[in-house]
Amino acid sequence: MKQKLVSLLQQSVEILKSKGILDKKLNPTINVDHTRDTRHGDFSTNLAMVLAKPAATNPRQLAEKIISILPADPLVFKIELAGPGFINFFINADAQFQIIKQIHDEGRQFGLSKIGSGKKVQVEFVSANPTGPLHVGHGRGAAYGSAIADLLTAVGFDVSKEYYVNDAGRQMDILTTSVWLRYLEECGEVVTFPLNGYRGEYIRDIAFTLHKNRGNEYRRPSELVTENIPADETQGGDKEKHIDALIDRAKTLLGSSLYDDVFQAGLSVILGDIKQDLEEFGVTFEEWFSEKILMENGSIKEALKRLDNAGYLYKKDGATWFSSSQLGDDKDRVVVRDNGQVTYFASDIAYHMNKLDRGFDQVINIWGADHHGYIPRIRAAMQALGADESKLKVLLVQFAILFRGTEKLPMSTRSGDFVTLRQLRSEVGKDAARFFYVMRKSDQHMNFDLKLATSKTNENPVFYVQYAHARVCSVLRQLDEKGWKRDLLLGMDNLNLLDEEYELAIITTLSKYSETLERAALQYEPHLLIHFLRELANNFHTYYNAHQFLTEDATLRNARLNLICATKQILANGLSLLNINTPESM
RNA sequence: GCGCUUGUAGCUCAGCUGGAUAGAGCAUCGGCCUUCUAAGCCGAGGGUCGCAGGUUCGACUCCUGCCAAGCGUGCCA
């Protein structure tokens, strides 16, 4: 409908040009919007006000000219000039009713589009270090990322979801050492656990299982473990030096093969847990991409070589630097440390090179907002590699601050003191959690009140939308109990009986579904879909309270049934797109 | 200090990329269940859109400068 009006206006602009009222070179973008107020009709354009200045006339006069030359269309039954120069369109009600038939015909397909035209898009998200269970902060990234991916799929992109597994580097060494130290405790050794180790209970569980399965194979006397290790911070030393020394000691005492066993024991348990957790949350990935493999197959070396060949690497203070400041970064960055180890940044360069080599038209990274400072250096690296950095889109998700009532909850992976995604799901359920996460704009700081989300009653907006769906189902059950049958065609032939204010409101909302979906996808703003669903549910509940659907009059009854079934269909389409259930009764 | 993000009702947040009288939920107050589920509906109160300028027919929206909050500013990841 919108497109139709745009093309009508386009024609008028051409006529104005040919009459010399408008400059031929002028090529205005024509804006047609849904009106907020029904008194302003169904659609409105600001075209006359935009063109008033170049046409050297006042907006209302120009608007009158536009209206007078606007080609007639059977769908438009009234055009009005209003306010400072708005042109308002009133759409023929019969035309509006078409949406009900269309929704019925297309069913679950309704609203999907092909605007993405099969372009290959990769969405990388969550990618939490496999050093512990996912917490509620990761949950937001998971919900947002999968919503983005599903929305893009719905509008015709070829989407691939990926989780980048940071299974290499120092954090994993700390994890491995933490597991090993807990394992030694299981064996009966007495060791002081480092301040900087992972202190969570799950580490003990892994250690317990390791001990149960492999006995004392990895046991070493505690004297050897702690001998000549620099003091921890609690003893007035440096906690980083302390843990690094313990890592080295673990590697020496165990040898690379046994050390790797402990490493694998930790990684497989934690990663398995993460996979299962996400799956239960309704989030799946096509690819779990291992950083370790990237390291082992020479990709990092290759990436560094390419940077070097392009003249972007230099040595300083024993380290190798990437001169990212030439390409818009604040300062240059180290890629190989003076001890010969590559930095996380180096493997990330290789990872992004790999992504682009895989031929995606667009690569979307969803990062926690605390990584925003990282964007310029990644872009710099992509430019240096000669890649098209405009293919990269980084979406930031602000952290959720957790509250329980007014009490702010701590969030620290290292101390093991955090609320897990699993806990959240078991407290509030998958549906509420997903809805809640995606309800807010992603770049908005979010206060997540567990007490509020836990209250299973009125405060969870997800129930409001689900209830609307369940209510329609309930009406259909009632229809059955009364011994009536739904007569689809009779209803469709009498849609013009739907002339109540609330009925027209629903129809208007329904007609916005497709464009809402498209906008939500292209702008990466799933909350728009949530807001749409709340509005539709609100329209429905209001209607439900004001009018009886199951009337004695079969024509009216069936017309209304068609309307509420279309509503049910759209609620179901929207909710299932967000991976939220659509209960038939509540 | 510099950079990014944010600032809208008592609280949590929308505001369709510059449009018409700034909206919703919660909370407060007042109504609606012998009639399709009251997890619902209707009504009332509540606003200097952080502050000050600027741009134009028009600014919550764009620009500049302040103020405030969060994050970043590692040879950590």
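Owing to the predicted nature of the structure, the values given are computational and were not obtained by experimental measurement. Below, read A as the first sequence line, B as the second, and so on, with proteins coming before strands; counting in each chain starts at 1.
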Take atom [atom1] in [N] and the same atom in [M], then report the distance between them in whole Å.
| N | M | atom1 | answer |
| --- | --- | --- | --- |
| B/A38 | B/G23 | C1' | 25 Å |
| B/A68 | B/C62 | C1' | 22 Å |
| B/G15 | B/A24 | C1' | 10 Å |

Closest approach to the side chain of A/H527, judged atom by atom: which nucleotide of B/G19, B/G15, B/A77 is it?
B/G15
Between A/N538 and A/N339, which has a closest nucleotide on RNA chain B that is more 5'?
A/N538
Check this for me: does any side-chain nitrogen of one of A/K568 and A/E584 sit under 4.0 Å from a carboxylate oxygen of the other?
no
Indicate yes or no: does A/K355 engage A/E162 in a salt bridge with an N to O separation below 4.0 Å.
no
For A/A52, which contact category applies under a 4.0 Å heavy-atom criterion: base, sugar-phosphate, or nothing?
nothing
Test the A/R534-A/Y464 pair against the cation-pi criterion, namely NZ or CZ under 6.0 angstrom from the six-membered ring centroid and within 45° of the ring axis.
no
Decide whether a cation-pi geometry holds between A/R333 and A/W321; the criteria are a distance under 6.0 Å from NZ or CZ to the six-membered ring centre and an angle within 45° of the ring axis.
no
May I have the distance from A/M49 (atom CE) to B/G58 (atom P), rounded to whole angstrom?
12 Å
What does B/C62 pair with, Watson-Crick or G-U, if both distances are under 3.5 Å?
B/G54
